[in-house]
Amino acid sequence: MSLAAVDVHPGLNPAQQQAVAHFEGPILVLAGAGSGKTRVLTARVANLIEHHGVDPSRILTVTFTNKAAGEMRERIGRLLGSEPRGMWSGTFHSIGARMLRRHAALVGRTPNYTIYDETDTLGVIKRLMERQRISARDIAPKAISNRISDAKNSLSTPEELAASSMDPITRAAAAVYADLEPEMRAGNAVSFDDLLVLPVRVFRDHPEIRDRYSEQFRFVLVDEYQDTNRAQYQFIRSVAHAHSNVMVVGDDDQSIYGWRGADIRNILDFERHFPAARVVRLEENYRSTPNILAVANAAISSNVGRKGKTLRATLPGGEQVTEVATLDERDEAEWIVEEIKARQSRDGIALSDAAVLYRTNSQSRALEDSFRRHAMPYRLVGSVRFYDRREIRDLVSYLKLIANPWDDEAFRRAVSVPKRGLGETSIDTLGEISRKAQLPMLETAGRADLVDVLRPAARKALGEFSEMIARMRLLAAEASVDELLRDLIDTIQYGAYLQVEGPESARERSDNVNALISGAAELVVEEGGEVGLTPLDHFLQRAMLIAGVDVLDSSADAVTLMTLHNAKGLEFPMVIVAGLEDGLFPLGQSIDEPSMLEEERRLFYVGVTRAERKLYLTHAETRRRNGETMPSMRSRFLKEIPAGMLEERKTIKLRSLGRRSMFVDSPSRATWGERAVRRNHGTPEWRKPAVDRDVDASQDEALYVRGERIKHKLFGGGTIAEIAGAGRDVKAVIDFDDENVGRKTIKLAYTTLERGLG
DNA sequence: GGCGCCCGTTTTTTT
DNA sequence: AACGGGCGCC
Ligand SMILES: Nc1ncnc2c1ncn2[C@@H]1O[C@H](COP(=O)(O)OP(=O)(O)OP(=O)(O)O)[C@@H](O)[C@H]1O
């Protein structure tokens, strides 16, 4: 069978067909952007079902977004003529969530456990920090949470984290981590990370369960494999334990989630992880014109240590890639809107053909303003996630509490919206009582005998609240989620609350509330074979896993605005990558760390390769950030592209003002963040480090220099061993006198060093 | 004890 | 510019 590279499906080249026809054993499809990896994955699933008679229920497909999973199902359905019923498909998180529902008891949860998002988990971490007397001023809760998350994603236990902790932050993180799991368990809750980690733990502790899944899923397929982390690798390994029938597809040059634990080695070492793996390379690009592809290839070639891939264009000709210099972010946004408008009338492109991609969500603001000014329809992907909006969080916290009375995090939020005369003191006291009695706060709140230490008014409010939730729970047992929501909103008079809280935003917020209600009304519980969960449980578990791109409606006639990260895997005829400036893209803090800079460059490569026919790369001379306007320089990523590959344009505004004219009278203006390192010290000329001179020749203030003596408020005296980086991200390597401290790398922007001491 | 206002801070990407 | 924490007033 395998010899016959039969034309299993039309629209596939020979290499693709080979991959599609692959039946058993591990296979890696390593190929560049737009080479049809996703198409191969999809076709192979169809082929397994159609030509090999594999029942869909024996297939597990992991995609990067739930939307991609849905689209894949749909395409397979079209290839086969019927939906692949029974096939499991989704993100690692949603698949993990589903498995965890079945095995909840093994990790001390019930099947309707609550999924905590980042904010929820951070709330728990803050409370645990308080309990351990770790001040949030000394150590940022976010830093703790990041470290715990890193540990989880690499499957490290609290003990292991503690053992490896060299610095105070990690030590604190390890201590909090140790308390976190029991706390989450008591709340019948799991974090995002737990959705991966807990199933892996179940597989490890219960091989018979692992084997059952491995038996069920005879074929495992993973898209975007370059962005999987250790826990995800382990997950795949476990499910493929019995057969190694794993197909992974990916592109090491598109690995852009290293910052959240993704490990590029997963794909690079696939052949070692799964011996005898077949490797298929796809070298034809079907998405972009040769000009776009040339820019992409040139951009990524600056990265070292790549696995190396060939990528040839198959499409003909096409326009040049255009670089656009603009004055500021507003000028940039205006230019973008005007250009799309011009293209729309001149070339007849649809608005849905265009996408504006940017590095940070905050860039969307200026863009949105321009789109609105011109009444041009747009849709914003991601940014503030729907379920992150305050009004939605408020109501969802009630729903969570109704579904899961152990959820203290939800209790804390719900009990204070709207205000019930219960403040921090009462709630913390209630929390303490509950902890001692080992009861959920909701339960304690309803027990008059337990809360007698509280003020009568507080007692009364708690009693009423608990009764109200009890009534809602009864309602939830029989009513639909939207009915429940309506009753809830009425009961707590949420509409009036929104009015009081902010009359200006009340309208928009209640629109969102209505969207939540209709979303609930549309809920279809279609997950086969899952019993014992109420519609509310389903609604909540699904809602927590909805990503920004999942709600992207590609049929609407509107321009898409989103971050480069969100654009992964997508394609648009016309793409504008905005904000190509050093400090923004690449981001300042990544510039001096080679591995981070390479990830930024991969992100640029991802952005460029989203374009099918036309690509614009824009940048601005100045940009507002944190309320302050800063000059910025053309991105090094643009400089890395050979001249001649780009057609250069300038906006009228920029041309009429003349380059740099506006800085003539403000020579001390620093580019992004540079000012953070400037110190007003009369350091002698010879002490200024030569390396930094060319960053801004006009600067006349001193930077720290190698060998200089300094004093740090925490670590004491020390000597500067090295200075690295630019802008806001200048780091100093300092040898501290205190041997317990030793050598440390410190970001100068966040520290004050006293100099010339000792 | 609760709540509102003002001041200070700010990492960037997401499930 | 926006959010969160802390302080001070009711
Ligand atoms: N053999 C082919 N003939 C024609 N078009 C193809 C072929 N293979 C793929 N395509 C098209 O090329 C485009 C890119 O395919 P696909 O999204 O599968 O690539 P990919 O490798 O997954 O890309 P990325 O790495 O950017 O996610 C799609 O529009 C797809 O329909």
Side-chain angles (χ1 to χ4, degrees), chain A residues 62-67 90-97 115-119 121-122 126 135-137 140-143 146 149 152-153 190-197 224 227-229 231-232 255-262 357-363 365-366 381-385 387-388 390 416 418-429 454-458 461 500-501 543-550 562-568 579 583-591 596 599-600 602-603 606-607 624-629 672-673 676 727-729 747 749-750:
Chain A
V62 187
T63 52
F64 206 72
T65 63
N66 289 304
K67 180 159 183 277
T91 62
F92 276 105
H93 288 88
S94 63
I95 289 164
I115 298 169
Y116 277 8
D117 68 15
E118 199 118 321
T119 317
T121 309
L122 198 64
K126 281 180 186 161
S135 163
R137 274 188 315 261
K142 209 54 189 287
N146 282 339
S149 186
K152 285 192 176 187
N153 284 317
V190 307
S191 67
F192 276 147
D193 297 328
D194 291 339
L195 291 173
L196 305 171
V197 175
E224 309 280 11
D227 273 323
T228 50
N229 61 36
Q232 291 164 337
S255 169
I256 55 174
Y257 282 94
W259 53 272
R260 65 166 195 199
L357 310 180
Y358 39 80
R359 177 68 245 258
T360 66
N361 279 309
S362 59
Q363 288 170 257
R365 209 192 168 80
V381 175
S383 191
V384 186
R385 266 175 65 230
Y387 287 90
D388 274 344
R390 218 194 61 202
S416 57
K419 298 262 176 285
R420 292 187 168 82
L422 292 161
E424 215 187 302
T425 321
S426 301
I427 296 304
D428 282 348
T429 310
L454 294 176
R455 299 156 37 244
V500 174
E501 283 295 293
M544 295 309 290
L545 296 177
I546 292 178
V549 272
D550 291 339
M562 64 184 153
T563 60
L564 289 139
H565 281 90
N566 272 319
K568 170 158 145 165
L584 180 61
F585 193 20
L587 221 45
Q589 42 272 82
S590 309
I591 282 179
M596 288 170 81
E599 181 154 313
E600 295 280 318
R602 291 193 292 269
L603 189 59
V606 167
R624 265 181 100 74
R625 205 200 204 186
N626 292 342
E628 207 187 348
T629 302
W672 276 30
R728 193 187 210 85
D729 306 287
K747 274 203 186 185
Y750 299 113

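Naming convention: chains lettered A, B, ... in sequence-line order (proteins, then strands); numbering from 1 in each chain.
The interatomic distance linking Leu587(A) (CG) with dT12(B) (C1') rounds to 5 Å, in whole Å. Across the protein-nucleic acid pair, Ile115(A) atom CD1 and dT14(B) atom C1' stand 15 Å apart, rounded to whole Å. Summarising the geometry, the separation between CG on Leu584(A) and P on dT11(B) is reported as 15 Å, rounded to the nearest angstrom. Phe585(A) has its CZ atom 15 Å from the P atom of dT12(B), to the nearest Å. The nearest whole Å value for the distance from the CG atom in Leu422(A) to the P atom in dG2(B) is 7 Å. Rounded to an integer number of Å, the gap from Ile256(A) CD1 to dT14(B) P is 9 Å. As a whole-Å value, the separation of Ile591(A) CD1 from dT11(B) P is 17 Å. If you measure from atom CG of Asn626(A) to atom P of dG8(B), you get 16 Å, rounded to the nearest angstrom.
Nearest-nucleotide mapping onto DNA chain B: of Ile427(A) and Leu603(A), the residue sitting toward the 5' end is Ile427(A). For Phe192(A) and Gly423(A), each mapped to the nucleotide of DNA chain B holding its nearest heavy atom, the one lying further toward the 5' end belongs to Gly423(A).
Applying the side chain to side chain contact (heavy atoms under 4.5 Å, CB included) rule to Ala457(A) yields the partners Arg455(A); only residues at least two apart in sequence or on another chain are considered. When the salt bridge (Lys or Arg N to Asp or Glu O under 4.0 Å) test is applied to Asp193(A), no partner is found at least two apart in sequence or on another chain. With sequence neighbours left out, the salt bridge (Lys or Arg N to Asp or Glu O under 4.0 Å) criterion links Glu600(A) to Arg359(A). Every residue was checked against the ring pair (Phe, Tyr, Trp, His ring centres under 6.0 Å) condition with Tyr116(A), not counting sequence neighbours, and none meets it. Considering only residues two or more places apart in sequence or on other chains, His565(A) meets the side chain to side chain donor-acceptor pair (under 3.5 Å) condition with Trp259(A).
The closest side-chain donor-acceptor pair between Glu118(A) and Thr121(A), if any, does not fall under 3.5 angstrom.
Backbone-only engagement by Lys419(A) is indicated by non-hydrogen atom pairs under 4.0 Å involving sugar-phosphate atoms exclusively. Residue-level contact check: Lys126(A) touches the backbone only, with heavy atoms under 4.0 Å from sugar-phosphate atoms and none from bases. Tyr257(A) comes within 4.0 angstrom of the backbone, heavy atoms only, and of no base. Among the atoms of the strands shown, base atoms are found under 4.0 Å from some heavy atom of Glu118(A). Residue contacts shown for Leu195(A) are absent, as no nucleic acid heavy atom lies under 4.0 Å away.
Residue Arg455(A) has its side chain nearest to dG2(B) when only dT15(B), dG2(B), dT14(B) are considered. Of the candidates dT12(B), dT14(B), dT15(B), the closest approach to any side-chain atom of Arg359(A) belongs to dT12(B).
In this structure, the side chain of Asn66(A) engages the main chain of Leu545(A) through a donor-acceptor pair within 3.5 Å.
Shown here for Asn361(A) and Thr563(A), the closest heavy-atom pair between the two residues is OD1-CG2, 3.2 Å.
Taking 3.5 Å as the limit, the base of dT12(B) and the side chain of Gln589(A) contain no donor-acceptor pair of atoms between them. Looking at Trp259(A), its side chain comes within 3.5 Å of the base of dT13(B) through a donor and an acceptor atom.
Residue Asn361(A) places at least one side-chain N or O closer than 4.0 Å to OP1 or OP2 of dT13(B). Between Ser426(A) and dG2(B) there is a side-chain N or O to OP1 or OP2 distance below 4.0 Å.
Read 5' to 3', the first and last nucleotides of DNA chain C with an atom closer than 4.0 Å to a heavy atom of chain A are dA1(C) to dG6(C).
A gap of 15 Å separates the P atoms of dG4(C) and dT13(B), to the nearest Å.
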